[in-house]
Amino acid sequence: MEPKEHYLNVNYGIRSWLLTTDHKRIALLYMMSITLMFFIGGAFATMIRLELMTPAGDLVTSDTYNKLFTMHGIVMVFFFLIPSVPAVIGNFLVPLMIGAKDLAFPKVNLLSWYLYTTGAIITLYNIIIGGVDTGWTFYPPFSSNYSNTYVVGAIVGIFVAGFSSILTGLNFVVTIHSMRAPGMQWRKLPLFLWSNYAAAVIMLLGTPVVAITLLLVAIERAFHIGIFDPNLGGDPVLFQHMFWFYSHPAVYIMILPGMGVISEVVACFSRKRVFGYSFVAAASIAIAVYGFLVWGHHMFVAGISVYSALIFSILSYLVAIPSAIKVFNWTATMYRGAISYKTPMLYAFGFIGLFTMGGLTGLFVAALGVDVHVTDTYFVVAHFHYIMVGGMVMAYIGGLHFWWPKMTGRMYPEAWAKLSALIIFLGFNLTFFPQFLLGYLGMPRRYHAYAPEFQVLNVMSSAGASILAVGYVLPLIYLLWSLRYGKIAGPNPWGATGLEWQTTSPPPTHNFEETPIVTEEPYAYDKFPEVEIVA
Amino acid sequence: MSHSEITTPTSHLQAHFQTMEQQRETSVVGMWTFLATEVMFFGGLFIAYMVYRLAHYAAFAAASKELNVTIGAINTAVLIASSLTMAMSVHEAQEGRRKLVIIFVILTLIFGLTFLGLKGYEWYDHISKHEAPGPSFHIEPDKVRGDARSMELFFGFYFVMTGLHALHMIIGVGLVSWVLYQAWRREISAHYHNPVESVGLYWHFVDIIWIYLFPLLYLVDRHP
């Protein structure tokens, strides 16, 4: 069943991997790096949850605690969430899905992995020699003139990794524009590509702004030029404007590619066309565009004018429209579909539910009055973890399971996978739902000690985190196990449409024996109602 | 044996492209996309500068008068001339006239290095007059408008903005030298001239940044 020669065995040795320009191998390099970073970031989260078991700040000092949540944020945001789906699953699938042999600039793609790795090593080095305590947001003047930690080093690491993100975005945009196979018109593009395209546009237009912003912080810190420090004549609110101009759209870099995964999975396991294809595609673009217009909602208590706050609030509400279009259309896709409850579909269910909760609580914090009440509390922490972890991490792990047979040629063990999906869902909710309550009751974020009446909810949250950890370690074990012992998958174990399933698993280095010609609409599942899901 | 036989039209076609035309289009779209990111990079810097230019107008206008507008104007002319020679070399590359490509590329390099030399002299001049921000910053009390700290901020932006522009110029000189090497080795022909075109786009972009930097920094309240 397995092809004799494919991209994994075409040649061997460390050089054949470190100097590869094959987008599929680079995707695997990225997968290994971000998995490592995920568990490092998770280790910081573990320390945070251990400290918060008791109201007294007794496990770590407040300085260490500041470093822990800062480094958790930096590692998870810049080194896991942003590259996760695009750089791993997207890297693997973008050329396959459009019937191309590779991304437009294969060497640039490899360079992006090296930049990512360099940035990660610089950041980890600064963590080891002492860490950073500014929060992942680097607000000046604390970050520029008061913090006694390794701020510049961390900024350099993020700056370098930022270029890897820009280069990935550039490759995706150019590839989708000019490398499509004959017949692959824009309205036949799989929705995974629409959402990755939208995310790539944000990477291209947002990342340079945060690059220059962080560079200015580093310059202020090194040369004491008063760009953001009011003592030196600067304006700290300007920093917040420039930082969130990237970092709010960055939230959509972290969720849009995940939405693409869900569209593919839901259609496949409902055996139906995606309901309202063009609306789901347009919603991705709309989210990317709106995303650039709402940064001010991070600054409602930072002293911005009432009128601009009002406008930012209204615009933030508007983001709910394209997001809701997606959720409703996924639901409508499932309606009267032939649903099979495979692991990727379980993750899709989890995504839809948790993303909806994260999105709805996003409307709470977009409302000016409510935001003043819950700003800088655990309510906000819970809200964005429902999007980032409940949304994106679910989509990433679900997507890994869905395309694992394509990437490796092997099936994962279904029973174990279902079990761990369930554990992750339960652990996640136990971890983060209490945080909504804590925040609403007024527990501020970023303190290592808290009032004793919050202890029960905090213990629940920490207990949930330990369950969540089990759920994350299990896939690591059984996916590695499946590389050797998994069932041979065959080219299309899910009976899915899409060009990536028309080639062998694993695919040959140049993806297709001959360039495919696209005649079919995407998601033409109704034309193959009888296809049996082999796996 | 002639070199031109080896460089047949398809020899520059990378394996993952179908046609030369697709490859050329891809590299041009790639460079434009990259330049879009550069616009956002400098855009963030320009926004920050404009905010403080409005907030501390008197100080910025006074500090701006300390800049050498003559050298700035000469440098503007030099860069516009370099854009012309770069555009000519792209045109000649499309026509496949190798010698003219080499001549125009060398002229572009000369203009680019002239710009960097003059810029370096300006920096040297400002630093030796203690106008670089930092502990040794000093400005004559009778020249101070607004407050001295805001004038220091102006010079901070001056060094950051012209410094980042100069860094892009240095990269540009490196890229143009690489084009020169390619043309020298007869790698560039009427069939394959992607490097000249892409580097040309980059070069024009860096020029345009300067076209904005010059009035922003040198011509604050310059009218007589």
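By convention in this document, chain letters (A, B, ...) are assigned in the order of the sequence lines, proteins followed by strands, and residues within each chain are numbered from 1. This is a predicted model, so every value here is computed, not measured.
The candidate with the highest count of non-hydrogen atom pairs below 4.5 Å against chain B, out of A:F239, A:F105, A:F223, is A:F105. Put simply, of A:I212, A:V174, A:L232, the one with the most heavy-atom pairs under 4.5 Å next to chain B is A:I212. Chain B forms the most heavy-atom pairs under 4.5 Å with one residue out of A:V210, A:V173, A:V108, A:L103, and that residue is A:L103. When B:G43, B:G134, B:A48, B:A36 are compared by the number of non-hydrogen pairs under 4.5 Å with chain A, B:A48 comes out ahead. Of the listed residues A:L216, A:V209, A:I219, A:L170, the one with more heavy-atom pairs under 4.5 angstrom with chain B than any other is A:L170.
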Using only distance (under 3.5 Å, no hydrogens or angles), which donor-acceptor pairs connect chain A and chain B?
residue : atom : partner : partner atom : Å
B:H16   : NE2  : A:L103  : O            : 3.3
B:H16   : NE2  : A:A104  : O            : 2.9
B:Q18   : NE2  : A:T515  : OG1          : 3.2
B:Q22   : NE2  : A:S178  : O            : 2.9
B:T26   : OG1  : A:S178  : OG           : 3.4
B:Y52   : OH   : A:I227  : O            : 2.3
B:Y52   : OH   : A:D235  : N            : 2.8
B:R149  : NH1  : A:N231  : O            : 2.9

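A:A211 and B:F41 get closest at one heavy-atom pair: CB-CE1, 4.0 Å. When all heavy atoms are compared, the tightest approach of A:I225 to B:P133 is CG1-CB, 3.8 Å.
If you measure heavy-atom distances from B:A55 to chain A, you find no contacts under 4.5 Å at all. Within the 4.5 angstrom heavy-atom criterion, no atom of B:F159 approaches chain A. Using a 4.5 Å cut-off between heavy atoms, A:L204 contacts chain B through both its backbone and its side chain. Residue A:M179 touches chain B through both its backbone and its side chain, counting heavy-atom pairs closer than 4.5 Å. Residue B:V160 touches chain A through its side chain alone, counting heavy-atom pairs closer than 4.5 Å. With a 4.5 angstrom heavy-atom cutoff, A:L167 does not touch chain B via any of its atoms. Heavy atoms of A:F245 lying under 4.5 Å from chain B belong exclusively to its side chain. Interface remark: A:A104 contributes backbone and side-chain atoms alike to the contact with chain B (heavy atom separation under 4.5 Å). At a 4.5 Å heavy-atom cutoff, the contact between A:L205 and chain B is made by backbone and side-chain atoms alike.
Surrounding CG of B:L54 are more than 12 heavy atoms belonging to other residues, nucleotides or ligands, all under 6.0 Å away.
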